[in-house]
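Worksheet: the structure to be examined is printed underneath.
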Amino acid sequence: MVRSKVKEGSDKMDKTTKYMMISMVSNLFLSVLKIVFGFISNMKSLIADGIHSFSDLITDMVAIFGNRLSKKPADDGHPRGHGKIEYITSLIISCFILVLGLSILKNSFSKTDTIPNPYLIIVVIITIVTKYFLSYILIRKGKEINNMILISSGKESYTDVYSSILVLVVIILSQFYDKINVLKYSDMIGSILISVLILSMGIKLLFQNLSLLIGESEQDLTKIERVKEIINNRNEKFILEECTLFKLGSYYEVVLKILVDGSTSVKEGHELMDEIEYDLLNSDMNIKYAMIHIEPIEDDK
């Protein structure tokens with residue numbers, strides 16, 4: 001049974017890598033498309049949107065890298081595996097995203113009187129539709145195989161959809177600059193808003209991974225309830241007093257405190273602990289490590 005579990009985990013990782021590669025290729029195509037047409041038309045907001053897609057491409061690369069690292073087995077120096085390297089890599093990427101955002105913000109204020117060509121509407125609509133379906137597929141497949149890497153990447157991709165919609169609005173509004181003079185600044189305003197969007201994403205990623213490096217427990221109650229459901233799905237009588245899920249990159253360590261009757265023998269307690277550990281490690285929760293404390297029920301419990 002253990003071997004079938006390893007194969008199943010490997011299959012799941014292969015699926016994750018497959019869809020993240022699809023996302024990476026799509027983001028590469030979209031970023032090149034936006035940046036090239038942005039420079040051709042001298043449209044700052046479209047260039048900024050292309051850089052935003054490029055940041056998604058980098059995030060995909062980090063996800064694939066982290067996914068591969070999670071396969072690396074634990075060793076004497078790293079008894080809980082190497083999953084947290086993903087957080088360190090993400091910190092570096094978040095700093096890179098912040099630099100990009102600041103650069104875009106600075107360039108947004110350069111003086112240009114270029115009005116976007118209406119044909120760019122077609123280019124932007126193509127990017128919006130492509131990105132929307134990519135986000136939808138990532139989230140759907142992530143839920144199918146219960147993989148948070150795909151789900152998180154899909155949700156993050158939706159921000160690129162919003163920035164592309166903003167570029168579309170900029171292009172449309174710019175066409176009426178001859179009637180409303182202030183609309184000639186639409187491109188500049190759009191570029192500033194996209195840079196703010198990129199900066200907010202970088203700051204969020206920075207603080208999120210700093211928190212994870214320090215050590216963060218899972219706060220999603222549905223996941224904790226799922227763990228409790230796995231544990232309580234047995235006939236033995238015990239009390240689950242504490243249940244904590246610690247994030248270790250793309251997988252978890254679960255720490256449990258279980259109370260049993262004082263008459264329970266050491267052998268019975270050990271068998272119960274082994275059964276619970278087996279069920280957790282072979283569940284759909286991507287749990288790699290389980291630390292279980294068994295204590296007798298006190299008289300006042």
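- By the rule that hydrophobic residues join a cluster once side-chain heavy atoms approach within less than 4.5 Å of another member, Ile40 and Leu33 end up as members of one cluster.
- Donor-acceptor pairing under 3.5 Å is recorded for the side chains of Asp187 and Ser45.
- Looking at Ser200, its side chain does come within 3.5 Å of a backbone N or O of Leu197 through a donor-acceptor pair.
- Not counting sequence neighbours, Glu242 has no partner by the salt bridge (charged side-chain N to carboxylate O under 4.0 Å, His left out) test.
- The shortest heavy-atom contact between Leu199 and Leu102 is CD2-N, 3.7 Å.
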- Could you give me the CA-CA distance, side-chain angles and deciding distance for Leu272 and Ile292, then say whether side-chain contact (heavy atoms from CB on, under 4.5 Å) is met? CA-CA 10 Å; Leu272 173 62; Ile292 305 172; over 6 Å; no

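- There is a path of hydrophobic side-chain contacts, each under 4.5 Å, that joins Ile172 to Val129.
- Considering only heavy atoms from C-beta on, Leu280 comes within 4.5 Å of Ile230 through its side chain.
- The CD1 atom of Ile128 lies 5.0 Å from the CD1 atom of Ile165; values are rounded to the nearest 0.5 Å.
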- Item | Pair Lys34-Ser53, side chain to side chain donor-acceptor pair (under 3.5 Å): steps then yes or no | CA-CA 9 Å; Lys34 294 174 184 178; Ser53 294; 2.7 Å; yes

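- Of all heavy-atom pairs between Ser163 and Ile194, the closest is O-CD1, 4.0 Å.
- Pairing each heavy atom of Tyr19 with each of Leu138, the nearest pair is O-CD2, 3.7 Å.
- Asp49 places none of its side-chain heavy atoms less than 4.5 Å from the side chain of Val124.
- In this structure the side chain of Ile192 reaches within 4.5 angstrom of the side chain of Leu105, judged on heavy atoms.
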- Output, in order, the C-alpha distance, side-chain angles, deciding distance and verdict of side-chain contact (heavy atoms from CB on, under 4.5 Å) for Lys267 and Glu271. CA-CA 6 Å; Lys267 180 180 179 181; Glu271 288 176 350; 3.3 Å; yes

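- Between the side chain of Ser103 and the main chain of Val99, no donor-acceptor pair closer than 3.5 Å is present.
- Atom CD of Glu229 is separated from atom OG of Ser283 by 10.5 Å, given to the nearest 0.5 angstrom.
- Under the salt bridge (charged side-chain N to carboxylate O under 4.0 Å, His left out) criterion, Lys257 pairs with Glu241, Glu295, sequence neighbours left out.
- Expressed to the nearest 0.5 Å, how far CD of Glu277 lies from CD1 of Ile287 amounts to 10.5 Å.
- For His293, the NE2 atom counts as densely surrounded, since its 6.0 Å shell holds more than 12 non-hydrogen atoms of other residues, nucleotides or ligands.
- Side-chain contact check for Leu173 versus Ile180: every heavy-atom pair is 4.5 Å or farther apart.
- Tyr132 and Val161 get closest at one heavy-atom pair: N-CG2, 3.8 Å.
- The CG atom of Asn27 sits 12.0 Å away from atom CD1 of Ile22, with the distance rounded to the nearest 0.5 Å.
- Follow the hydrophobic side-chain contacts under 4.5 Å out from Leu28 and you reach Met21 in the same cluster.
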- Message: As a quick check of understanding, evaluate side-chain contact (heavy atoms from CB on, under 4.5 Å) for Val167 and Thr127, giving each step before the final call.
- Response: CA-CA 11 Å; Val167 173; Thr127 64; over 6 Å; no

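- Heavy atoms only, all atoms of each residue included: Leu256 and Cys243 are closest at CD2-SG, 3.7 Å.
- The shortest side-chain heavy-atom distance between Met43 and Ile171 falls under the 4.5 Å cut-off.
- Criterion: ILVMFWY side-chain heavy atoms under 4.5 Å apart, direct or through other members. Under it, Leu240 and Met273 are part of a common hydrophobic cluster.
- A side-chain donor-acceptor contact under 3.5 Å links Ser135 to the backbone of Lys131.
- The hydrophobic cluster containing Tyr119 also contains Leu46, counting ILVMFWY residues as joined when their side-chain heavy atoms lie under 4.5 angstrom apart, directly or transitively.
- Between atom CD1 of residue Ile126 and atom CZ of residue Phe37 there is a gap of 8.0 Å, rounded to the nearest 0.5 Å.
- In this structure, Ile47 CD1 and Ser41 OG are separated by 7.0 Å, a value rounded to the nearest 0.5 Å.
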